[in-house]
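The basis for the numbers below is simple: all heavy atoms, side chains too, and nothing from hydrogens, waters or symmetry mates. Read the numbers this way: they start at 1 and go in the same order the structure lists the ligands and their atoms. When a residue number appears, it is its place in the shown sequence, counting from 1.
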Amino acid sequence: MSIDQTLIDEAKVARENAAAPFSRFKVGAALRTTGGRVFRGCNVENASYGLTVCAERVALLSAIAAGERKFDAIAVVTQSDTPAPPCGPCRQLMWEYCGDIDVALANLGGQRLDYKLSTLFPHPFNFSLED
Ligand code: THU
């Protein structure tokens with residue numbers, strides 16, 4: 001199933017909870033399971049900067065903790081002039097747990113870019129997960 005505006009809107013709502021006092025760059029993510037559930041995530045920063053967790057990872061880890069393992073789409077919303085692609089570590093994690101999902105990147109101005117994850121992350125490190 002492709003990504004409709006609803007998933008973008010979920011990511012926008014998620015973004016409102018971002019804790020980004022250091023960068024002031026708020027990110028929202030909405031990850032959809034193949035069963036249609038949506039898990040929201042926002043970036044959470046910390047005074048020890050390296051402990052910051054990206055919105056995409058918050059959404060994914062929350063979904064996994066809820067027992068979900070099959071995903072088909074993620075929407076990411078930022079305030080940037082052009083929609084911002086996920087960072088490298090998030091791409092790796094999404095690849096391992098979500099496979100080649102649809103990725104929609106949007107900004108608050110209504111611009112949107114659509115990708116398959118394999119386009120954003122063409123040469124992944126593959127490791128077979130037993131669990
Ligand atoms: N950030 C995300 O939430 N997702 C990304 O894919 C890239 C960056 C966050 C981390 C940090 O809180 C802020 O954006 C600025 O880097």
Side-chain angles (χ1 to χ4, degrees):
M1 215 204 303
S2 60
I3 296 181
D4 59 17
Q5 186 60 34
T6 313
L7 200 66
I8 307 274
D9 291 342
E10 287 277 351
K12 246 183 228 172
V13 171
R15 184 182 166 277
E16 285 163 18
N17 289 335
F22 301 101
S23 73
R24 302 265 172 218
F25 189 77
K26 296 184 170 191
V27 185
L31 178 66
R32 190 176 69 202
T33 69
T34 52
R37 288 179 79 186
V38 174
F39 288 83
R40 293 178 188 166
C42 60
N43 53 330
V44 181
E45 298 181 349
N46 175 275
S48 177
Y49 298 173
L51 300 183
T52 291
V53 188
C54 294
E56 297 89 330
R57 265 179 280 170
V58 171
L60 177 59
L61 300 182
S62 156
I64 290 170
E68 297 289 351
R69 285 299 175 103
K70 288 189 188 329
F71 306 100
D72 67 5
I74 188 166
V76 182
V77 171
T78 56
Q79 69 215 47
S80 43
D81 289 343
T82 52
C87 74
C90 284
R91 294 182 204 198
Q92 175 69 33
L93 202 66
M94 287 193 281
W95 179 261
E96 287 184 39
Y97 282 94
C98 307
D100 198 12
I101 57 171
D102 291 317
V103 181
L105 310 174
N107 65 9
L108 296 179
Q111 276 182 292
R112 173 175 167 170
L113 299 171
D114 285 87
Y115 298 96
K116 295 299 284 188
L117 184 57
S118 56
T119 306
L120 291 173
F121 198 54
H123 302 290
F125 171 67
N126 281 306
F127 186 83
S128 82
L129 296 166
E130 294 292 316
D131 196 3

Where is the nearest protein heavy atom to atom 11 (C) of ligand 1: which residue, which atom, and how far?
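In this structure, atom 11 (C) of ligand 1 has E45 OE2, 3.3 Å as its nearest protein heavy atom.
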
Could you tell me the residue and atom name of the protein heavy atom closest to atom 1 (N) of ligand 1, and the distance to it rounded to 0.1 Å?
C54 SG, 3.7 Å

Could you list the atoms of ligand 1 found under 4.0 angstrom from a heavy atom of [X]?
X   : value
T52 : 10 (C), 11 (C), 12 (O)
N43 : 3 (O), 9 (C), 11 (C), 12 (O), 13 (C), 14 (O)
S23 : 13 (C), 15 (C)
E56 : 2 (C), 3 (O), 4 (N), 5 (C), 6 (O)

Any I64 side-chain heavy atom under 4.5 Å of F39 side chain:
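No, every pair of side-chain atoms sits at 4.5 Å or beyond.
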
Are L120 and P86 packed together at the side-chain level, in the sense that at least one heavy-atom pair is separated by less than 4.5 angstrom?
yes

So, D102 side chain and A73 main chain: donor-acceptor pair closer than 3.5 Å or not?
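Such a contact is absent between D102 side chain and A73 backbone.
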
Would you say atom 16 (O) of ligand 1 makes contact with the protein, given that contact here means a non-hydrogen protein atom less than 4.0 Å away?
no

Using a 3.5 Å cut-off on N or O atoms only, is V27 in polar contact with ligand 1?
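In this structure, V27 places no N or O atom under 3.5 Å from an N or O of ligand 1.
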
For ligand 1, which is the ligand I care about here, please tell me if A55 has any N or O atom under 3.5 Å from one of the ligand's N or O atoms.
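So ligand 1 has an N or O lying under 3.5 Å from an N or O of A55.
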
Shortest non-hydrogen separation from F71 to I101 and the atoms involved
O-CG2, 3.3 Å

Mind checking whether V44 and L61 sit in one hydrophobic cluster, side chains of I, L, V, M, F, W, Y counted as touching below 4.5 Å?
no

Which of L113, I8, L105 passes side-chain contact (heavy atoms from CB on, under 4.5 Å) with V76? Answer is L105

Please determine, by modelled atom types, if R15 and Q79 share a side-chain donor-acceptor pair under 3.5 angstrom.
yes

